[in-house]
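Notes follow once the structure below has been shown.
As the structure is a prediction and not an experimental result, all values here were calculated from the model. A note on names: the letters A, B, ... follow the listed sequences, proteins ahead of strands, and every chain is numbered from 1.
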Protein chains: 2
Amino acid sequence: MTEESAAQTLAAVIAKLKSRNIRITPQREVILNYLITHHNHPDVETIYQGIADQLPNLSVATVYNTLKLFIDNDIIIELPSTDKDGSLHYDFFGVPHFHAICENCGKITDVFADEYSAINKQVAQLTRQQTNYQVTNSHLEVYGLCPECRQKLNLQKGTG
Amino acid sequence: MTEESAAQTLAAVIAKLKSRNIRITPQREVILNYLITHHNHPDVETIYQGIADQLPNLSVATVYNTLKLFIDNDIIIELPSTDKDGSLHYDFFGVPHFHAICENCGKITDVFADEYSAINKQVAQLTRQQTNYQVTNSHLEVYGLCPECRQKLNLQKGTG
DNA sequence: AGTTTGTTTAGAATCATTCTAGTCTTTTTG
DNA sequence: CAAAAAGACTAGAATGATTCTAAACAAACT
Ligand SMILES: [Mn+2]
Ligand SMILES: [Mn+2]
Ligand SMILES: [Zn+2]
Ligand SMILES: [Zn+2]
């Protein structure tokens, strides 16, 4: 993603929030910008460290509050804690995608696929039909072994 | 599910565990049986309370340990904490299905659909192709408003 | 300018989960 | 069978991510 399109994305999301009468504070803008420009699925601590230079007096409570606000407005999603650490992870969800999570090292890998849009629609429809829920969004996580861990574990098996 | 098929299911899972040289202790059997016979997506506390009469000296640490064992052996799945409470939920995963989660009240609803098996296969294949992960399983959660909350919130909106 | 409403901060409090040390149980070995 | 080793359980302490609280700050409204 280029600098320019990140800026455009930021502007678009801010417009969306403003249209809902949500105030854009410096804290919110910096956190949002961090999430748009970092696709490493950070936890709260990582976000906090990553913007410490821009907001020296920031409170972690504000990070938590802001993330909750963004989640409620379907701007970011929350990902489960990947065994190794006990903290939740966050992800700007501009382009819909799903996640592969390594059961060995906890790595989270994006999966972008054209087919995902159709799958999503089908899932939403199935849910409406069977449960009468009003669907707003959905999360898909695929679990397994990442290539690195697969190799590592195979080698261990071979040597042990 | 009838009494008989629950017993059969229990026996089958126990056989699976034994075949992997995992010991079947009284605690494990009671917890497993609870999960097979209760499809209310309980958290640790609910499980603990639900079997207190059968295992008066049970430690919560054992519940945590046992649930982790079952997850690692793909017998149960873990579901995210549903906002209202901060605890994870567990679900015996005999018949594959996905979950609709109400963003208002936190209710978790099962969604069984014949199409899910095909979707699952497609997702696993997409993941393998694009990430080279070795896929073991996947979770799908659909978020939205349950029928009860939808009605409640519409009424409120109308009255407010 | 004063009032109301919403936001942030810093630190305390909560509480789900993990860890630890000691005990008990099962399996293995001789 | 007895002894030793490995595995599992318990009770309670420790951890640490998240939430809560009270006071200061900022913006919107009258
Ligand atoms: Mn992602
Ligand atoms: Mn279920
Ligand atoms: Zn890995
Ligand atoms: Zn609901």
Side-chain angles (χ1 to χ4, degrees), chain A residues 14 17-34 41-73 75-90 106, chain B residues 14 17-34 41-73 75-90 106 108 160:
Chain A
I14 287 176
L17 289 168
K18 276 187 177 159
S19 79
R20 297 178 188 185
N21 290 324
I22 292 166
R23 293 188 194 164
I24 308 303
T25 65
Q27 292 87 348
R28 287 175 181 176
E29 183 158 345
V30 169
I31 293 171
L32 178 56
N33 185 58
Y34 179 92
H41 309 97
D43 60 10
V44 166
E45 185 59 20
T46 305
I47 297 170
Y48 185 77
Q49 302 289 350
I51 59 184
D53 53 337
Q54 297 169 70
L55 295 170
N57 296 331
L58 181 67
S59 165
V60 283
T62 298
V63 180
Y64 280 100
N65 289 338
T66 302
L67 291 173
K68 192 160 291 168
L69 176 77
F70 291 164
I71 289 172
D72 288 345
N73 284 277
I75 289 163
I76 67 174
I77 62 169
E78 196 171 65
L79 292 168
S81 65
T82 61
D83 290 30
K84 303 293 166 182
D85 68 5
S87 59
L88 299 170
H89 295 247
Y90 298 89
Chain B
I14 287 176
L17 289 168
K18 276 186 178 160
S19 79
R20 297 180 187 183
N21 290 323
I22 292 166
R23 295 189 193 163
I24 308 303
T25 64
Q27 291 86 350
R28 287 176 180 174
E29 183 158 347
V30 169
I31 294 170
L32 178 56
N33 185 58
Y34 180 92
H41 310 96
D43 60 10
V44 166
E45 185 60 20
T46 305
I47 297 170
Y48 185 76
Q49 302 289 351
I51 60 184
D53 53 338
Q54 297 169 70
L55 296 170
N57 297 330
L58 182 66
S59 165
V60 283
T62 297
V63 180
Y64 280 101
N65 289 339
T66 302
L67 291 173
K68 194 160 289 168
L69 177 78
F70 291 164
I71 288 172
D72 288 345
N73 285 277
I75 290 162
I76 66 174
I77 62 170
E78 196 170 63
L79 292 168
S81 64
T82 61
D83 290 29
K84 304 293 167 183
D85 68 6
S87 58
L88 299 170
H89 295 247
Y90 299 88
I108 301 174

>> Can you pull out the residues from residues 54-67 of chain A that lie within a 4.0 Å heavy-atom distance of DNA chain C?
In response: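 Close to the strand are A/Asn57, A/Leu58, A/Ser59, A/Ala61, A/Thr62.
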Using every non-hydrogen atom in the two residues, find where [X] and [Y] come nearest and quote the distance to one decimal.
{"X": "A/Ile71", "Y": "A/Tyr90", "answer": "CD1-CE2, 3.8 Å"}
{"X": "A/Tyr34", "Y": "A/Gly50", "answer": "CE1-CA, 3.9 Å"}
{"X": "A/Leu88", "Y": "A/Pro80", "answer": "CD2-CA, 4.2 Å"}
{"X": "A/Gly86", "Y": "A/Ser81", "answer": "C-CB, 3.7 Å"}

>> Under 4.0 Å from OP1 or OP2 of D/dG16: is there any side-chain N or O of A/Ser87 that close?
In response: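 No, no such contact exists.
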> OP1, OP2 of D/dC9 versus side-chain N and O of B/Thr25: anything below 4.0 Å?
Replying inline: yes
Could you state the interatomic distance from [atom1] ([X]) to [atom2] ([Y]), rounded to the nearest 0.5 Å?
{"X": "A/Leu17", "Y": "A/Asn73", "atom1": "CG", "atom2": "CG", "value": "5.5 Å"}
{"X": "B/Thr82", "Y": "B/Ile108", "atom1": "OG1", "atom2": "CD1", "value": "5.5 Å"}
{"X": "A/Ile31", "Y": "A/Arg28", "atom1": "CD1", "atom2": "CZ", "value": "9.0 Å"}

Could you check how far [atom1] of [X] sits from [atom2] of [N], rounded to whole Å?
{"X": "A/Arg28", "N": "C/dT9", "atom1": "CZ", "atom2": "C1'", "result": "14 Å"}
{"X": "A/Asp85", "N": "D/dT15", "atom1": "CG", "atom2": "C1'", "result": "14 Å"}
{"X": "A/Arg20", "N": "C/dG6", "atom1": "CZ", "atom2": "C1'", "result": "19 Å"}
{"X": "B/Tyr48", "N": "D/dT10", "atom1": "OH", "atom2": "P", "result": "9 Å"}
{"X": "B/Asn21", "N": "C/dT26", "atom1": "CG", "atom2": "P", "result": "17 Å"}
{"X": "B/Ile47", "N": "C/dA16", "atom1": "CD1", "atom2": "C1'", "result": "14 Å"}
{"X": "A/Leu79", "N": "D/dA17", "atom1": "CG", "atom2": "C1'", "result": "17 Å"}
{"X": "A/Lys68", "N": "C/dT8", "atom1": "NZ", "atom2": "P", "result": "14 Å"}

>> A/Thr46: which residues meet the side chain to side chain donor-acceptor pair (under 3.5 Å) condition with it, sequence neighbours left out?
In response: A/Asp43
Which pairs, protein N/O on one side and nucleotides 22-28 of chain D N/O on the other, fall under 3.5 Å?
none

>> Reading DNA chain C from 5' onward, which residue's closest nucleotide shows up sooner: B/Pro26 or B/Gly86?
In response: B/Gly86
>> Keeping B/His41 on the side-chain end and B/His89 on the backbone end, is there a donor-acceptor pair under 3.5 Å?
In response: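 Not a single qualifying donor-acceptor pair exists.
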> How sharply is the helix from C/dA1-D/dT30 to C/dG30-D/dC1 bent, taking the axes over five pairs at either end and rounding to 10 degrees?
Replying inline: 30°
>> Can you list everything that forms a side chain to side chain contact (heavy atoms under 4.5 Å, CB included) with A/Lys18? Sequence neighbours excluded, please.
In response: A/Ile14, A/Ile24
>> side chain to side chain contact (heavy atoms under 4.5 Å, CB included) for A/Leu32 and A/Ile75? Distances and angles first, verdict last.
In response: CA-CA 9 Å; A/Leu32 178 56; A/Ile75 289 163; 4.1 Å; yes
>> So B/Gln27, base contact, sugar-phosphate only, or nothing? Heavy-atom distance under 4.0 Å.
In response: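 It contacts sugar-phosphate atoms only.
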> According to the side-chain hydrogen bond (donor to acceptor under 3.5 Å, both in side chains) rule, which pairs have a member within residues 50-67 of chain B, sequence neighbours left out?
Replying inline: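 Not a single pair qualifies under side-chain hydrogen bond (donor to acceptor under 3.5 Å, both in side chains).
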